[in-house]
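Positions are given from 1, in the same order as the sequence printed here.
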Amino acid sequence: MSNQLEKWNRVWIIGASSGMGAALAELLAHEGVEVIVSARRAEKLEALGRHSTLITPLPLDVEKPDEVSEAVESLHAAGLPDLTIYCAAIYEPGGLNQLGPEKARQHMEVNYLGAVAVISALFPKLKERGTGSIAIVSSLTSYCGLPLAALYGPTKAALASLCETIKPEFDQAGLQLQLVNPGFVDTPLTEKNSFPMPFILSREEAAQRILKGLKRSTFEIAFPTRMAVALGILRRLPYGLYFRLMRRML
């Protein structure tokens, strides 16, 4: 077991009912780490908990800040997590045909404001303790505006900007903040896509890559590399060329 894993006696994963969150929970439990798993669907968490005695369900609706605060208080009483991973997300593909205030609000509440609630409730307690890590799962779509991601993309860009903004304060407090930017991963969310998804990974492979990055303690964990490099180049193009390429994707 690595030195980093030895530091993780307890890990809290928010958004663990399926996809990468569930895969991470199983992977960490297999490594002998106690894992608290949170999501709205209690039955999914209970099913996950049956995989290992090290997995403990803690149902939570991240759209309700009071519930987030109560969850953090309960964890504080029992022992704060050494690592918290926020990967709760919703996704509805589409452009202007899907864009509307209600759907945009819901995406922002789950994908972004839920993370804000977790960080704002947890950070002061971790700072008081003097140790702790938080990892926020964003997406490679945060690199640049992509067609058919009008609801999802802006929330992930907001997460990336937030992490960049508050990282110095985490450093100053002696705490760790990491940003996870995956590409396409085979989960219930991406099953909604009707377009080709290059370099798509299984949820298990994505979880392994995330865990490997968390062990290295680097700020950004971006994968797959080829997609990260391609989108990194794309976001640096002059807008005239950039939008010419984007129109071809519609």
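Sparse packing is recorded around CZ of R226, with 12 or fewer heavy atoms of other residues, nucleotides or ligands lying under 6.0 Å away. The environment of CD in E43 is crowded: more than 12 heavy-atom neighbours from other residues, nucleotides or ligands sit within 6.0 Å. Other residues, nucleotides and ligands contribute at most 12 non-hydrogen atoms within 6.0 Å of the NZ atom of K44. Residue K192 qualifies as enclosed at atom NZ: its count of foreign heavy atoms under 6.0 Å is above 12. When the shell of 6.0 Å around CG of L96 is examined, it contains 12 or fewer heavy atoms from other residues, nucleotides or ligands.
For Q106, the side chain to side chain contact (heavy atoms under 4.5 Å, CB included) partners two or more places apart in sequence, or in a different chain, are E63, I90. Every side chain to side chain donor-acceptor pair (under 3.5 Å) that E73 has, sequence neighbours left out, goes to K125. For Y242, the side chain to side chain contact (heavy atoms under 4.5 Å, CB included) partners are C144, L234, L237, Y239, M246, not counting sequence neighbours. In terms of the side chain to side chain donor-acceptor pair (under 3.5 Å) criterion, residue partners of E205 (sequence neighbours excluded) are, by chain and number, R209. Partners of E67 by side chain to side chain contact (heavy atoms under 4.5 Å, CB included), not counting sequence neighbours, listed by chain and number: L60, D61, K64. Residues satisfying the side chain to side chain donor-acceptor pair (under 3.5 Å) criterion with R244, sequence neighbours excluded, are absent altogether. Legend: residues meeting side chain to side chain contact (heavy atoms under 4.5 Å, CB included) with P124, ordered by chain and number and at least two apart, are absent. Residues satisfying the side chain to side chain donor-acceptor pair (under 3.5 Å) test with K127, not counting sequence neighbours, are none.
Note that the CD atom of E31 and the CG atom of L211 stand 6.5 Å from one another [nearest 0.5 Å]. Interatomic distance, I221 CD1 to K215 NZ, rounded to the nearest 0.5 Å: 11.5 Å. Rounded to the nearest 0.5 angstrom, S69 OG and H76 NE2 are separated by 13.5 Å. Separation of atoms CZ (R129) and CG (L175) is listed at 8.5 Å; rounding is to 0.5 Å. To the nearest 0.5 Å, atom CG of residue L80 and atom CG of residue N9 are 12.5 Å apart. Atom-to-atom distance recorded for D82:CG and R10:CZ is 8.5 Å, nearest 0.5 angstrom.
Tracing side-chain contacts under 4.5 Å through hydrophobic residues (I, L, V, M, F, W, Y), one reaches V68 starting from I36; they form part of the same cluster. Placement of V72 and V118 within a single hydrophobic cluster is found when ILVMFWY residues are connected by side-chain heavy-atom separations under 4.5 Å, directly or transitively. If you chain together hydrophobic residues whose side chains sit under 4.5 Å apart, L201 and M20 fall into the same group. Under a hydrophobic clustering in which Ile, Leu, Val, Met, Phe, Trp and Tyr are joined whenever their side-chain heavy atoms come within less than 4.5 Å, directly or via other members, I134 and I210 fall into different clusters. Taking hydrophobic clusters as Ile, Leu, Val, Met, Phe, Trp and Tyr residues chained together by side-chain heavy-atom distances below 4.5 Å, Y152 does not share a cluster with V110.
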For residues 156-163, which side-chain N or O atoms pair as donor and acceptor with protein atoms under 3.5 Å away, sequence neighbours left out?
| unit_1 | atom_1 | unit_2 | atom_2 | d |
| --- | --- | --- | --- | --- |
| K156 | NZ | V137 | O | 3.1 |

Table please: side-chain donor-acceptor pairs of residues 178-187 below 3.5 Å, with sequence neighbours left out.
| unit_1 | atom_1 | unit_2 | atom_2 | d |
| --- | --- | --- | --- | --- |
| Q178 | OE1 | Q176 | NE2 | 2.8 |
| Q178 | NE2 | G213 | O | 3.4 |
| Q178 | NE2 | T218 | O | 2.9 |
| N181 | OD1 | S138 | OG | 3.4 |
| N181 | OD1 | S139 | N | 3.1 |
| N181 | ND2 | E220 | OE2 | 2.8 |
| T187 | OG1 | L189 | N | 3.2 |

Using residues 46-55 as the side-chain source, report each donor-acceptor pair under 3.5 Å to any protein atom, sequence neighbours left out, with the distance given to one decimal.
| unit_1 | atom_1 | unit_2 | atom_2 | d |
| --- | --- | --- | --- | --- |
| H51 | ND1 | E26 | OE2 | 2.9 |
| S52 | OG | L54 | N | 3.0 |

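Considering every non-hydrogen atom in both L214 and L83, the closest pair reads CD1-CD2, 4.0 Å. In plain terms, the two heavy atoms of P147 and L250 that are nearest each other are CB-CD2, 3.6 Å. Taking every heavy atom of both residues into account, A89 and N111 meet most closely at CA-OD1, 3.1 Å. Among all heavy-atom pairs drawn from M197 and T190, the shortest one is CE-O, 3.7 Å. Across every non-hydrogen atom of L146 and T141, the tightest pair is CD1-CG2, 4.1 Å. L140 and A222 get closest at one heavy-atom pair: CD2-CB, 4.2 Å.
Under the 6.0 Å cut-off for aromatic ring centres, F123 and F170 qualify, their centroids lying closer than that.
Panel note: side chain S38, backbone L58; a donor-acceptor pair is recorded below 3.5 Å.
Within the 4.5 Å cutoff, the side chain of I119 has heavy atoms near those of the I136 side chain.
Among residue pairs with one or both ends in residues 84-97, those qualifying as side-chain hydrogen bond (donor to acceptor under 3.5 Å, both in side chains) are Y91-N193; sequence neighbours excluded.
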